[in-house]
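Numbers restart at 1 for each chain; the letters A, B, ... are given by sequence-line order, proteins then strands. Hydrogens, waters and symmetry mates are skipped; everything else that's a heavy atom, side chains included, is used.
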Amino acid sequence: MIPLARRMDGIIDAIDVEQTLDSGQVFLWYKRGRSYYLIYSENVIRIEPCHGQLVLVHESKPMYIDVERLFRLDDDIHAINHSIGHKDALIGEAVKRFKGLRLMRQDPFQCLISFICATNTSITRVRCMLEGICKRFGNKVEFDGLTFHTFPSPKALQDASINDLVWCGLGYRARFVKQAVYSYLDMDVESLLDGGYDEVRDILLGIEGVGNKVADCIMLFSLEKLESFPIDVWIWRVIARYYRDIVGMGVDERVRLSPNMYRRVSSTMRGYFGRYAGYAQQYLYCYARAYTFDNPSIYTINR
DNA sequence: GACCAGGAGTTGA
DNA sequence: TCAACTCATGGT
């Protein structure tokens, strides 16, 4: 049993595993009974929440994945929540309502492919696409009497034809994924982990199929850039309706974000929330999805 | 049948 | 620099 979010002072904080897995940052997970199974690269990981505080972790392969790293328990969530949660009433409320939410530290390759697939579609369909890729190019694994297919390595996916990927349900994204595999194989992942935000973003933007938003997601969820502030349709609505005066003119949720506008708005939000803006973004994303704007409660929070 | 979904590339002004 | 268009596709 591994304690989740054990602070330096020994206090253990609850993590809501389902809330975290279901927050749109990761797609290949399954709930079976009380257990959660996560496809992490070429591994299947079983996560068992226990009173919201402890998990049991088993893996299908000997390769050890540190659950404390996976759930970013090395982040001081109290300090983070304190630093972002007092910026305004909305983020304060979101932090309060999604107290068990955490960011995860994903495998960069799986994260890259996942968010290229996540353009202009729903989370449900992203899962279908990724499952198709796993079934076609990953390894079949029997684990706990259940059958899983792991995520293929870059080299395993290198041989995929565009037709193969289309068949997996990727549609027009197939050629982007195909190109991205080659790009990734040419990249030095360590330098992406160590590099600064601007530098790494520009490298990622060089991959076909990766724009501002996808680059931000990859950096936030797998490359240690916690200041990344991805803006999807939900976050854009939140900004347009709640942070309009912070971001400034020209903010209209009915208008699509141009790349330049995206950069300006995202940069402003990074400045506003600071080095943990990515956590703020994740809280706001969950809040916006859970309490849709049909629910007027979001309007009643005064800054 | 239109519209939406954790968007991005291309084109033309 | 930006709006308009296109790219697949399942769900509502």
*asked:* From C-beta outward on E208(A), which listed nucleotide comes closest to its side chain: dT10(B), dG6(B), dT9(C)?
replied: dT10(B)
*Can you check the N120(A) CG to dC4(B) C1' distance for me, whole Å?*
9 Å
_Heavy-atom check, side chain of L284(A) versus side chain of Y243(A), under 4.5 Å_ = yes
_Between P on dG9(B) and CD1 on I207(A), what's the gap in Å once rounded to a whole number?_
11 Å
_Just the rounded figure in Å: distance from C1' of dG6(B) to CH2 of W236(A)._
15 Å
*Separation of D216(A) atom CG from dG7(B) atom P, in whole Å?*
13 Å
*Is it true that R201(A) and D198(A) make a salt bridge, defined as a side-chain N closer than 4.0 Å to a carboxylate O?*
yes
Using a cutoff of under 3.5 Å, can you pull out all pairs of nitrogen or oxygen atoms linking the protein to nucleotides 11-13 of chain B, with atom names and distances?
none

*Could you work out which one of dG6(B), dA5(B), dG10(C) sits closest to the side chain of R125(A)?*
dG10(C)
*Tell me what S114(A) touches on the nucleic acid: a base, only sugar-phosphate, or nothing, going by heavy atoms under 4.0 Å.*
nothing
_Under 6.0 Å from the ring centre and within 45 degrees of the ring axis: does the NZ or CZ of R256(A) meet both conditions for the six-membered ring of W236(A)?_
no
_Value rounded to 0.5 Å, distance of CG in D16(A) from NZ in K99(A)_ = 12.5 Å
_Straight-line distance of K225(A) NZ to R270(A) CZ, nearest 0.5 Å_ = 12.5 Å
*Does the ring of W234(A) lie flat against the base of dG6(B), closer than 5.5 Å centre to centre with planes under 30°?*
no
*Scan Q179(A) against the nucleic acid and name what it touches under 4.0 Å (heavy atoms): base, sugar-phosphate only, or nothing.*
nothing
*Would you mind telling me which of L223(A), D74(A), L70(A) makes a side chain to side chain contact (heavy atoms under 4.5 Å, CB included) with R105(A)?*
D74(A)
*Rounded distance in Å between the C1' positions of dG6(B) and dA4(C)*: 23 Å
*Pair H82(A) + H86(A): ring centers closer than 6.0 Å*: yes
*Going by heavy atoms in the side chains, are F115(A) and F27(A) under 4.5 Å from each other?*
yes
*Honestly, is R72(A) close enough over Y279(A), meaning NZ or CZ under 6.0 Å from the six-membered ring centre and within 45° of the axis?*
no
*Side-chain touch W29(A)/D22(A), heavy atoms, less than 4.5 angstrom*: yes
_Please give the distance between the C1' atoms of dG10(C) and dG9(B) as a whole number of Å._
23 Å
*Mind checking G209(A) for me? I need base, sugar-phosphate or nothing, with any heavy atom below 4.0 Å counting as a touch.*
sugar-phosphate
_Separation of dA8(B) P from L112(A) CG (nearest whole Å)_ = 12 Å
*Would you mind classifying the nucleic acid contact of F27(A) as base, sugar-phosphate or nothing, using non-hydrogen atoms under 4.0 angstrom?*
nothing
*Return the residues of residues 165-173 of chain A meeting this criterion: a heavy atom under 4.0 Å from some atom of DNA chain C. Order them by number, or give none.*
G171(A), Y172(A), R173(A)
*Starting at CZ of R127(A) and ending at C1' of dG10(C), how long is that distance when rounded to a whole Å?*
14 Å
*Rounded to whole angstrom units, what separation is found between the CZ atom of F176(A) and the C1' atom of dT10(B)?*
10 Å
*Step through it carefully: locate the ring centre of F98(A), locate the ring centre of Y283(A), and say whether they are under 6.0 Å apart.*
no
*Starting from C1' on dA5(B), measure out to CD1 on I235(A) and report it in whole angstrom.*
15 Å
What are the atom names and distances for every N/O pair under 3.5 Å that joins the protein to nucleotides 1-3 of chain C?
{"unit_1": "dT1(C)", "atom_1": "O5'", "unit_2": "N260(A)", "atom_2": "ND2", "d": "3.3"}
{"unit_1": "dC2(C)", "atom_1": "OP2", "unit_2": "N260(A)", "atom_2": "ND2", "d": "3.3"}

